[in-house]
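Okay, so here's the structure we're looking at.
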There are 2 protein chains.
Amino acid sequence: MNTDTLYTHICSYVQISRDEFELFFNLFKTVHLKKGDFHYIAGKVPKYWSFTVKGCLREYWIDTEGNEKIFQFYEENAWVGQIQSMVTQKPTDMNLQALEDCELLCITGDDMCNAVKTPWIQNFTMHKSFSDNASIMENSNRIKSASPEELYLEILKERPSLLLRVPQHYIANFLGIRKETLSRVRRRVAHL
Amino acid sequence: MNTDTLYTHICSYVQISRDEFELFFNLFKTVHLKKGDFHYIAGKVPKYWSFTVKGCLREYWIDTEGNEKIFQFYEENAWVGQIQSMVTQKPTDMNLQALEDCELLCITGDDMCNAVKTPWIQNFTMHKSFSDNASIMENSNRIKSASPEELYLEILKERPSLLLRVPQHYIANFLGIRKETLSRVRRRVAHL
DNA sequence: ATGATTTGTTGATCCAAGTCAACGACATTC
DNA sequence: GAATGTCGTTGACTTGGATCAACAAATCAT
């Protein structure tokens, strides 16, 4: 596995030397998931905080009526994990499932809790958390205000790769619309 | 102003002594807002990160069609501010407006950036950011899945005080429904 | 290959919420 | 206290997306 990707990724948040990075990197282990496997499930505290090296995953929860609701998709170079749950030791209500065979770099909750004592790691974590925050907010806003067609055009523009690798009914679920509706929206959009 | 509230609030995230707190507290200044005043507006970088001592505020953005969309209400003991915007110096797209006369404790972006060099403050900020994250996620999930009636019952249960101090059409806006719909939902719920 | 399962499309119908409009109850201002 | 503005309610009508159902196409398992 090429460590450059993760190093570059972290450097986009904080300036660190290769040596500092290596110390942190040594805490990670590689985990392989088969398509359909779960990395964590609702009702438990996730073991790891993980960086997606290869593959695609969906994170979803089950609503009060028992329906799956997809919260997010993750592709290469995305971090996955329920930090809040790991820190507080309260079970998460999210499930993370591989949509393809995946390769993840994983660090345990305990190791991470120790690692954040290192100033640059705490700094990285904090800044990453700020930016996650901002993007969840944006996403939440978008979904609140947009029509199905706007949502589809948005995802088509922002995350075109998703549409190529994720089954359409999952996309529809993520956008909060029915698969039939997405199908019709796609037809309409294609005819423009 | 009684400093106990803020001290207690911070202690719910990190254990610190009164003296450590006082050092941090000295960086804050009190700001009074009149009903209708803006604390920050879209297109600029907010000056402050602020703790609500007294009053109620709404945070909203303007969507592509020019409609106000309320993202959140803040009451006593809530933190308000666009940290990500202050850290990156990119303008926010949120507006924060006082719905009543308000009293806020404010710290400037610069002072905050310095303050996070203090370990406990960085730690506090990080943990707070984690928990914000979790609650934004939860809120986003709820709105994505619930019917108007469920949304209303939820807010009635979780934040009853809001319904007493915030005009109903703002509540409707926040829930992503029309004021007429909220009015009908309320009547229906009341008749049960 | 063959049958089973998953995935995506299309049509018909229904309904919850949006839209438009009118009105009454208050508050605020001059 | 008349005038103006804000706020909430109600009614009539419209509509976008959900729902139900059938089917076609692609994928998977054995």
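Here the structure is a predicted model, which is why all the values come from computation and not from measurement. Each chain gets a letter, A, B and so on, in the order its sequence line appears, and its residues count up from 1.
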Problem set entry | B:R58/B:E68 under salt bridge (Lys or Arg N to Asp or Glu O under 4.0 Å): CA gap, chis, key distance, verdict | CA-CA 11 Å; B:R58 68 177 184 126; B:E68 291 181 0; 2.9 Å; yes
d([atom1], [X]; [atom2], [N]) in whole Å:
X	N	atom1	atom2	result
B:R186	D:dT10	CZ	C1'	14 Å
B:L182	C:dA16	CG	C1'	15 Å
B:K179	C:dT19	NZ	C1'	10 Å
A:E65	D:dA18	CD	C1'	14 Å
B:Y152	D:dG8	OH	P	12 Å
A:R188	C:dG8	CZ	C1'	17 Å

Select one nucleotide: of [options], the one nearest the side-chain heavy atoms of [X].
X	options	answer
B:R187	C:dG8, D:dT10, D:dT19	D:dT10
A:E180	D:dC20, C:dC20, D:dA18	D:dC20
B:R178	C:dG18, C:dT9, D:dG17	C:dG18

Exercise. With a 4.5 Å limit on heavy-atom distance, are the side chains of A:N123 and B:Q122 in contact?
Worked result: yes
Exercise. With a 3.5 Å cut-off and no angle check, do the side chains of B:R186 and B:Y152 form a donor-acceptor pair?
Worked result: yes
Using only atom types and a distance under 3.5 Å, with no angle test, would you say the side chain of [X] pairs donor to acceptor with the backbone of [Y]?
X	Y	answer
A:E76	A:G55	yes
B:T125	B:I121	yes
B:K29	B:T108	no

Exercise. In residues 163-176 of chain A, what residues come within less than 4.0 Å of DNA chain D, judged by heavy atoms?
Worked result: A:G176
Problem set entry | Gap separating the CG atom of A:L153 from the OG atom of A:S147, nearest 0.5 angstrom |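 Reported value, rounded in 0.5 Å steps: 8.0 Å.
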Problem set entry | B:R184 (side chain) and D:dG8 (base): donor-acceptor pair under 3.5 Å | no
Exercise. OP1 or OP2 of C:dG18 less than 4.0 angstrom from a side-chain nitrogen or oxygen of B:T181, does that happen here?
Worked result: yes
Exercise. NA contact type, B:I177, heavy-atom cut-off 4.0 Å: base, sugar-phosphate, or nothing?
Worked result: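 If one applies the 4.0 Å heavy-atom cut-off, B:I177 turns out to touch the sugar-phosphate alone, with no base involved.
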